[in-house]
Amino acid sequence: MIDIKTTIENTLGIPVIELFEPVLPPCATWYPISDTSGLEGDGKQTEEVSGYQIDLWDRDRERVRQNGRKLKEAILSNPDVSIPELSYFYDVNGKMWRAMLTFSEVRKE
């Protein structure tokens, strides 16, 4: 099972904050977005698929892009995850850049 907080901190060296904390860049937030059953057979679930979203926050556009690519590679080193989708946005309310990674992890029962 992937430890998202540790992966972010070890790969990027930035703090991972809780969703209710103020966003003081550079930092990261993450949360689960879905839990579904994977393979099923003989009336039993044999795998579970969990979806996650990670947001990287920074005022510097190029740094958020570099961190997004770097974290994507670190996540891919785990054989149980899908290829993360990576996108970039400018948050007009917070006046900062955000890299968003979404991916799934398959856990066997």
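- The minimum heavy-atom distance linking Ala99 with Gly68 is given by the pair CB-CA, 4.3 Å.
- A donor-acceptor contact shorter than 3.5 Å is absent between the side chain of Gln53 and the backbone of Leu101.
- Tyr52 has its ring centre less than 6.0 Å from the ring centre of Phe103.
- No side-chain donor-acceptor contact under 3.5 Å links Ser104 to the backbone of Gly51.
- Within the structure, no pair that satisfies the salt bridge (charged side-chain N to carboxylate O under 4.0 Å, His left out) test touches residues 73-94, not counting sequence neighbours.
- Residues forming a side chain to side chain contact (heavy atoms under 4.5 Å, CB included) with Glu9 (at least two apart in sequence, or on another chain): Lys5, Val16.
- With sequence neighbours left out, Asn10 forms a side chain to side chain contact (heavy atoms under 4.5 Å, CB included) with Thr6.
- Side-chain atoms of Glu48 and Val106, non-hydrogen and from C-beta on, never get closer than 4.5 Å to each other.
- With hydrophobic clusters built from ILVMFWY side chains whose heavy atoms lie under 4.5 angstrom apart, Ile4 shares a cluster with Val64.
- Closest non-hydrogen pair, Ile8 versus Ala28, comes out as CG2-CB, 3.8 Å.
- Lys70 is listed as a side-chain neighbour of Leu12, based on a closest heavy-atom distance under 4.5 Å.
- Rounded to the nearest 0.5 Å, atoms CG (Asn93) and NZ (Lys95) are 7.5 Å apart.
- No chain of hydrophobic side-chain contacts below 4.5 Å, direct or via other Ile, Leu, Val, Met, Phe, Trp or Tyr residues, connects Val23 to Met100.
- No single ILVMFWY cluster, assembled from side-chain heavy atoms under 4.5 Å apart, contains both Val49 and Ile75.
- The shortest non-hydrogen separation linking Ser82 to Leu76 is O-CD2, 4.2 Å.
- Within the structure, the salt bridge (charged side-chain N to carboxylate O under 4.0 Å, His left out) test picks out the following pairs touching residues 50-60 (sequence neighbours left out): Asp55-Arg98, Asp58-Arg63.
- Note on Ile17: it does not cluster hydrophobically with Ile54, by side-chain heavy-atom contacts below 4.5 Å among ILVMFWY residues.
- Both Leu56 and Ile2 are members of a single hydrophobic cluster when ILVMFWY side chains are connected at heavy-atom separations under 4.5 Å.
- Screening residues 63-92 for ring pair (Phe, Tyr, Trp, His ring centres under 6.0 Å) gives Tyr90-Trp97 as the qualifying pairs, with residues at least two apart or on separate chains.
- Closest non-hydrogen pair, Pro84 versus Lys72, comes out as O-CE, 3.3 Å.
- Around the CD1 atom of Ile83, the shell of radius 6.0 Å holds no more than 12 heavy atoms that belong to other residues, nucleotides or ligands.
- Shown here are the side chain to side chain donor-acceptor pair (under 3.5 Å) partners of Trp57, two or more places apart in sequence or in another chain: Thr29.
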